[in-house]
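Protein chains get the first letters and strands the later ones, always in sequence-line order, with residue 1 at the start of each. We use all heavy atoms of the structure for the numbers below, so side chains are in, but hydrogens, waters and symmetry mates are not.
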Protein chains: 2
Amino acid sequence: MFSKACEYAIRATIFIAARSVEGKRTSLKEISREVDSPVAFTAKTLQKLSKSGIILSTKGAHGGFNIDPTQMSAIKVSQIVMAIDGDMVYKRCSLGLDSCSEDHPCPFHARFKPVRQDLQNIVENTSLLDLTSGLVSGSTFLKV
Amino acid sequence: MFSKACEYAIRATIFIAARSVEGKRTSLKEISREVDSPVAFTAKTLQKLSKSGIILSTKGAHGGFNIDPTQMSAIKVSQIVMAIDGDMVYKRCSLGLDSCSEDHPCPFHARFKPVRQDLQNIVENTSLLDLTSGLVSGSTFLKV
DNA sequence: TGAAATAAGGACATGTTAGTCTTTATTTTT
DNA sequence: AAAAATAAAGACTAACATGTCCTTATTTCA
C-alpha cells in the first residue's frame, strides 16, 4: 500500500504533532526511537516532509522537528503521502494497465473503484489532528 | 497494491479463462502477447498458479494453459492473490506496525479498516467468471 | 523414430526500495 | 571562541522485486 518510507513518514509526523501540542520540539533520535524506525532512513523522509512544508526543522542544540499546532487540522494525510509516494496509490489501475479508465476499463476496474475512492477520501479527509488526538489520549499507538 | 507478478497473474488468468470458455488452450507466448507481460516472468507466475491448482497446464505441441469452465465461478480473485502475494495485502497494518490490532490500534487503524475490509470482500467475492464475462463481451480490456 | 512445440526449472542480470555511513552546516551552550 | 548538539546532504551498501536466458522434460506430429 504505502512504501516503508511513507509509513515511517506518517508515524513520525503523528509523533511530532503529539509533541508539538505540548509545545515541544523533537529530535530525530527521539522520533526514530518512539516510532521504531531506522534513524538515518527516517532522516531522509523527514527532510522531504520539511521541504514540503509539512514539518518545521531547526538545527543545533535543542533543535529538532515540530509542527505549528494551528496547522494540524489543515494538514491532511494525503499531503504526507503525496510528498513521499506521490498519488499513484489511489490513482493506479489495480491490474497495472496504463490505459485503464472509465472508457477503457480493465476487468477489475468497476469493482475496485469504490475501494480506491474510499481510500482517497479517507486519506484526503483525515487530518493530522484527527490522528494525533488518539495518540495523546493513549487510545492509539505508534509502536509495540 | 498488488505486485507486478500478481497483476500479470490476474490478467493472465482472466485471459486463459476467456479462451477456456471457447474450449481452447492458450500458450504462454499468446498469453503474454495478449496480456502485455514479459514472457519469461509470466511463465514463473503461471507455474505458481498451476501448482496452486488454479490453472491447468499441458506440455508439448498444442499444449498450453486452460481452466475447467465449470470451476470458473468457484475460483475467486483472492485465490490468485494468495498464490502469488499472500494475504498481507488486506491484512497488513497500513502504517506497518506488526502489533497493530483492534486492541492495540495504530492511529490510522479505525479509519483504514473499511477500506481493507472492502478490498478483502471484493477480492474474496468476485469470481473468475465475473471478471471474464466483460472481456468476452468486449466491455473490458486486458491491454491497450 | 526424429523433429518441433510446448511448459518447467534454475542460474543469472537489472532496477528499485530500503537502509547505512561519513562529512558538512547550523545553532546553542559554556 | 570552542565545544556540543543537532539537521542536511551525498555517497555508499543491502535486500528484494522484476525480468532474462539457457537447459531440460514432455508431448504431438510427420
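Distances shown here put a side-chain N or O of His62(B) below 4.0 Å from the OP1 or OP2 atom of dC29(D). The side chain of Tyr8(B) contributes an N or O atom lying less than 4.0 Å from OP1 or OP2 of dG19(D).
Between the CD1 atom of Ile55(B) and the C1' atom of dA7(C) there is a distance of 11 Å, rounded to whole Å. When the P atom of dA18(C) is taken as reference, atom CD of Glu7(A) falls 8 Å away, rounded to whole Å. Look at CD1 on Ile84(B): it is 13 Å from C1' on dT18(D), rounded to the nearest Å. The distance from atom CZ of Phe41(B) to atom P of dC16(D) is 16 Å, rounded to the nearest whole Å. One can place CG of Leu56(B) at 18 Å from P of dT6(C), the figure rounded to the nearest angstrom. Separating the CD atom of Glu30(B) from the P atom of dA7(C) is a distance of 10 Å, rounded to the nearest angstrom. Distance CG (Asn66(B)) to C1' (dT27(D)): 15 Å, rounded to an integer number of Å.
One N or O on the side chain of Lys76(B) and one on the backbone of Ser73(B) form a donor-acceptor pair closer than 3.5 Å. At distances below 3.5 Å, not a single donor-acceptor pair connects side-chain atoms of Ser50(B) with backbone N or O atoms of Leu46(B).
No donor-acceptor contact under 3.5 angstrom links the side chains of Ser32(B) and Thr42(B), judged on distance only. Side-chain contact check for Thr70(B) and Asp68(B): at least one donor-acceptor pair (N or O, by modelled atom type) lies under 3.5 Å.
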Counting primed atoms, P, OP1 and OP2 as sugar-phosphate and everything else as base, the B/S/- map of nucleotides 7-15 of chain D against protein heavy atoms under 4.0 Å is SBBBB----

Practice item. Show the numbers, then the answer: is there a side-chain hydrogen bond (donor to acceptor under 3.5 Å, both in side chains) between Arg25(A) and Thr58(A)? Key: CA-CA 9 Å; Arg25(A) 266 202 293 254; Thr58(A) 318; 3.2 Å; yes

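Atom NZ of Lys48(B) sits in a sparse spot, with 12 or fewer heavy atoms from other residues, nucleotides or ligands closer than 6.0 Å.
The residue among Arg25(A) and Ala61(B) whose nearest nucleotide of DNA chain C is located toward the 5' end is Ala61(B).
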